[in-house]
Amino acid sequence: MTVALFIPCYIDQFYPNVGIATLQLLEKLGCEIVFPPNQTCCGQPMANAGFEHLATNCNQLFLKNFSAYEYIVCPSGSCTLHIKDHLHVEGDNEKANQVRNRVYELTEFLTDVLQVEKLNARFPHRVGLHQSCHGQRGLHLSQMTELVAPPYSKPVQLLKMVQGLELADLNRKDECCGFGGTFCVTEEAVSVKMGKDRVADHLQQQVEFITGADMSCLMHLEGILRRGGQRVQVKHIAEILNASN
Amino acid sequence: MGTSTTTHASLSEQFNADEARVNWHDETLWWVRQKRDKAAWTLPEWEELRETASRIKHNTLSNLHQYLLSFEEKALANGCTVHWAANAAEHNEIVLNILRDQKIDQLVKSKSMLTEECHLNEYLAANGIDVTDTDLGERIVQLAKEAPSHIVLPCIHKKKEEIGELFHEHLGTPAGNADPLFLTRAARAHLREKFLTRRVAITGVNFAVAETGEFVVCTNEGNADMGAHLADVHIACMGIEKLIPERKHLGVFLRLLARSATGQPITTYSSHFVKPRPGQQLHIILVDNGRSTQLGREDFRNSLKCIRCGACMNTCPVYRRSGGHSYHTAIAGPIGSILAPNLDMKKYADLPFASTLCGSCSNVCPVKIDIHNQLYQWRQEITRAGYAPAGKAAAMKAMAMGLSKPGWYRLGGKIARRMMRAIPFLFNNRLNAWYKQREMPAPPKETFADWYRKNKNQSNQ
Amino acid sequence: MNSRDQILAAVKKNQPALQPLPALADLQAIRFTHPVEKFTEVLTSIGADVRTGYDLNAIATFIDGNFTEGRRFLGNIPGLPGVGSLDSTVDTHTLEDLEVFVLKAGFGVAENGAVWVTDAQVQERVLPFICQHLVVILDPATIVNNMHEAYERIGNQDYHFGLFIAGPSKTADIEQSLVLGAHGPKTMTLFLNGGI
């Protein structure tokens with residue numbers, strides 16, 4: 001199976017290891033990976049800031065980069081959701097629709113398309129899972145605490161396949177961390193307070209690592225952890241699912 | 001966007017100056033959210049019930065013209081007087097005229113977010129009318145000369161010690177007594193005197209039934225009923241979106257309202273007003289104030305389904321940590337942020353941005369308003385209308401330009417990461433809002449694309 | 001154009017195409033194996049005192065023994081010793097010393113502990129609110145499962161004022177501390193009795 005890798009811009013620039021882990025993990029599971037070299041950004045930062053109309057060129061570029069592939073996989077729920085919800089290209093909407101239906105967030109691709117049941121991964125640590133909102137409430141990667149509906153979680157399903165990993169229970173299972181794109185700087189005070197509260201919940205459960213399917217949330221939590229002098233680290237779920245030491 | 005001191009961002013920064021208080025506010029409202037969850041889980045059909053309520057409201061909005069006519073006809077036949085107010089000013093004038101006709105200059109009022117929206121209290125005060133709010137929380141904020149910070153829990157931002165001080169000052173309770181039971185009893189005695197002596201009572205309306213012309217008011221305290229049943233004149237103020245088609249639909253909404261609001265199975269009192277008491281006048285004021293305009297906005301009309309339960313506030317991680325007053329509008333929180341721009345897009349241009357778009361609000365909403373999607377859509381509207389801050393617009397334009405050209409993106413990223421490594425204080429300073437309370441990510445030497453070119457590219461080309 | 005016509009015209013112009021009303025019959029609403037037990041459990045949990053096994057005399061004795069502060073007792077139950085009925089000429093504004101109001105309710109709702117009454121039963125609408133203590137008598141056979149059944153039962157009943165009461169009046173406006181007895185009754189005692 002050929003998979004086109006869609007690496008969000010901030011992962012490309014700041015967290016290349018997340019991209020590498022994603023690629024290696026998919027290769028281990030038998031996928032052939034293509035990385036369209038001219039990808040930049042999905043356009044979400046502009047769109048969520050109210051400038052969707054400025055994302056036209058980004059959308060065209062995205063379409064150009066990815067329309068040839070049947071499976072497009074991205075290690076970010078938020079960027080995936082943005083493409084799914086908002087990729088429109090005037091004059092080429094049929095193609096855009098197709099791309100929207102072919103883009104997958106990494107964990108849902110693993111559980112739903114590859115139907116992974118076993119992973120050769122080991123991560124002997126106590127880990128807290130941060131449910132990023134766009135992945136959870138937008139892509140339904142896991143059940144939402146607001147709904148009267150049976151529980152499930154694609155990321156947890158995968159983390160349970162990792163040897164030695166001990167998953168912590170949080171007091172607030174799916175509270176937002178406060179990153180929120182440009183919200184993190186335009187509403188700095190509330191954003192940071194939300195992040196501090198998320199971190200505190202994980203610290204209370206004595207985790208060694210905070211993981212999640214969205215590096216943007218983890219980057220925000222990492223910034224707070226490091227400022228607070230905490231030893232707890234963040235690790236994208238791809239890095240844990242790909243860990244073999 | 002308004003001046004910097006009146007935006008959500010700056011008001012919530014002030015709120016966050018006292019972190020212990022933010023924690024208390026957050027925990028209190030989170031507790032209410034948990035009570036709501038527990039109540040919802042008592043009904044296996046909860047999600048189906050929300051869907052039913054949503055569809056009833058869709059029908060209502062799509063047939064509102066007919067339902068309004070029917071409601072008016074029935075209410076008139078029931079002996080009520082029906083008034084129509086196109087806007088807040090007209091609503092306030094109608095109330096004042098009824099009072100002038102009766103030669104009355106004091107009244108009791110139970111909770112009505114519509115009258116908050118219309119700033120009725122200020123208007124009546126300016127015209128020499130003495131208004132006593134009788135909901136305990138509303139009386140507290142009234143004594144404190146503040147606005148409610150929450151539509152269901154008006155003084156949720158106040159500590160009991162502060163309420164004790166207010167009561168000491170205004171009701172003469174002993175200084176230093178902050179016991180909720182004691183203070184509630186003091187308010188009971190204070191307000192009973194008002195109920196027994198005021199000849200006019202204003203109430204809000206939770207639901208109005210097109211089929212019968214009746215309306216329902218829900219309270220726990222019994223204050224709406226104490227006011228209305230002891231007054232010679234009852235004025236009920238309602239937005240035109242409060243209608244529901246038939247009486248039997250009340251069953252659906254009464255099952256959802258209190259469970260969503262406070263986790264109670266139903267409010268203590270659900271009072272169905274059909275006809276005035278013999279000798280009593282019952283006035284109903286139907287208020288538009290922007291609602292018919294919102295009805296015409298396809299992306300936003302569903303906000304009119306709102307039944308004012310406040311669940312979206314209790315669940316909102318931003319509201320819990322910024323307080324109701326940070327929204328600088330009568331209805332705070334996520335729902336307020338999609339209602340307010342309809343009234344004044346410029347003044348409330350900041351509100352749709354006071355959200356991370358986490359989506360929790362839409363999930364708790366008992367009538368399934370897609371609140372977070374509407375927040376996103378309002379952002380686009382506001383920006384297109386030119387109400388985004390100039391600096392932000394310029395930055396976004398530059399960003400969009402850079403990101404649309406792969407070469408520029410690669411070069412820009414490279415330069416930025418180099419500079420972060422070489423001259424970190426360029427980024428790590430007070431002008432960078434990220435850095436104020438967070439470390440910047442450590443810039444790596446190579447990007448994923450660099451790594452891929454070195455390690456993988458050959459096999460693919 | 002006056003405001004009425006202006007509003008109606010704007011609504012007519014702006015309302016979307018007609019959406020169908022859902023059929024409530026399709027909703028699988030909760031039902032209980034033991035509705036009376038459920039009713040008792042829920043009403044107790046929201047602050048009321050629910051009692052069984054009291055006949056009219058026992059109720060009178062209970063009222064007499066438990067509510068002693070004021071001495072003005074009114075009710076709508078003919079033949080309840082010690083409890084008078086309302087004189088139609090009385091000014092309701094003089095009822096602030098009403099200690100107890102005794103009320104026979106129309107029916108009860110298991111899912112939320114509410115009882116339905118109308119102005120035909122309460123005589124003066126303010127009575128169940130202005131009293132210090134509310135006593136309700138309910139025939140357990142009238143208890144329905146849920147609010148949909150409740151409104152089916154109400155049907156097109158021609159009341160002037162109708163009311164669901166669920167427990168004593170309450171508030172939690174001060175720091176979410178629950179206090180029973182906000183503006184209305186401080187207690188609600190409900191006697192389940194099918195023979196009164």
Side-chain angles (χ1 to χ4, degrees), chain B residues 28 31 43-45 48-49 52 55-56 58-59 61-65 68 84-86 90 136-137 140 153 155 159-160 163 180-181 183-184 188 191-192 196 220-223 225-226 229-230 240 245 247-248 250-251 254-255 264-266 268-275 277 288 292 295-296, chain C residues 2-4 6-8 10-22 24 27-30 42 46 92-93 96 111-114 124-126 129-130 146-148 150-152 154 156 159-177 179 181-184:
Chain B
T28 308
W31 186 61
L43 299 182
E45 71 270 30
E48 201 190 340
L49 194 60
T52 305
R55 286 167 58 198
I56 294 169
H58 278 293
N59 167 269
L61 294 177
S62 73
N63 198 27
L64 190 56
H65 180 259
L68 283 166
W84 298 74
E90 190 175 9
L136 177 59
I140 290 166
L153 318 163
C155 71
K159 295 236 180 193
K160 60 186 178 196
I163 297 166
L181 174 63
L183 296 176
T184 302
R188 178 186 172 98
L191 289 166
R192 278 221 160 199
L196 290 164
N220 284 316
E221 298 184 5
N223 58 314
D225 289 274
M226 283 291 278
H229 305 323
L230 288 168
I240 53 174
R247 183 184 273 174
K248 69 178 180 200
L250 286 168
L254 291 180
R255 297 185 83 197
Q264 294 172 263
I266 188 168
T268 305
Y269 304 109
S270 310
S271 301
H272 300 49
F273 292 87
V274 187
K275 296 182 183 178
R277 295 194 323 274
D288 183 342
S292 62
L295 188 63
Chain C
N2 64 26
S3 290
R4 175 186 181 277
Q6 197 185 314
I7 294 167
L8 284 168
V11 166
K12 195 169 189 178
K13 177 170 158 266
N14 289 338
Q15 69 189 19
L18 188 66
Q19 307 274 308
L21 255 184
L24 297 192
L27 188 72
Q28 297 289 315
I30 197 164
V42 176
I46 53 181
T92 51
H93 295 84
E96 74 273 18
E111 70 160 316
N112 56 24
E124 272 293 341
R125 298 177 189 187
V126 80
F129 299 95
I130 203 169
N146 56 55
M147 290 298 281
H148 309 297
Y151 279 100
E152 264 169 47
I154 292 169
N156 56 5
Y159 50 83
H160 298 180
F161 174 72
L163 171 69
F164 281 108
I165 305 175
S169 90
K170 58 172 78 74
T171 184
D173 274 348
I174 302 178
E175 284 201 10
Q176 283 292 292
S177 298
V179 176
H183 300 298

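Letters go in sequence order (proteins before strands), and every chain restarts at 1.
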Next item on the list: Mind running side-chain hydrogen bond (donor to acceptor under 3.5 Å, both in side chains) on S62(B) and Q15(C) for me, showing each step along the way?
Entry: CA-CA 5 Å; S62(B) 73; Q15(C) 69 189 19; over 6 Å; no
Check: Checking V179(C) against chain B: side chain, backbone, both or neither under 4.5 Å from a heavy atom?
Finding: side chain
Margin query: Please classify the contact of I165(C) with chain B as side chain, backbone, both or neither, using a heavy-atom distance under 4.5 Å.
Written below: both
Among [options], residue most engaged with chain C (heavy-atom pairs, under 4.5 Å):
options	value
K160(B), R255(B), E48(B)	R255(B)
Q264(B), R192(B), K248(B), H58(B)	R192(B)
L68(B), N63(B), L181(B)	N63(B)

Looking at [options], which makes the most heavy-atom pairs under 4.5 Å with chain B?
options	result
E152(C), M147(C), H93(C), Q28(C)	H93(C)
G167(C), A17(C), A29(C), A172(C)	A29(C)
L24(C), T92(C), I154(C)	L24(C)
Q6(C), E111(C), E96(C)	E111(C)

Work out which heavy atom in [X] is nearest to a heavy atom in [Y]; give both atom names and the distance.
X	Y	result
P16(C)	L61(B)	CD-O, 3.7 Å
S271(B)	F129(C)	OG-CZ, 4.2 Å
P22(C)	I56(B)	CG-CG1, 3.6 Å

Next item on the list: Return yes if a side-chain donor-acceptor contact under 3.5 Å exists between H160(C) and R277(B), otherwise no.
Entry: no
Check: Are side-chain N/O atoms of Q176(C) and T28(B) paired as donor and acceptor at under 3.5 Å?
Finding: no
Margin query: Measuring centre to centre across the rings, with the benzene-like ring taken for any Trp, is F273(B) within less than 6.0 Å of F161(C)?
Written below: yes
Next item on the list: Taking the side chain as every heavy atom from C-beta outward, state whether F164(C) and T268(B) have any atom pair closer than 4.5 Å.
Entry: no
Item checked: CG/N2(C): more than 12 non-hydrogen atoms of other groups inside 6.0 Å -> yes
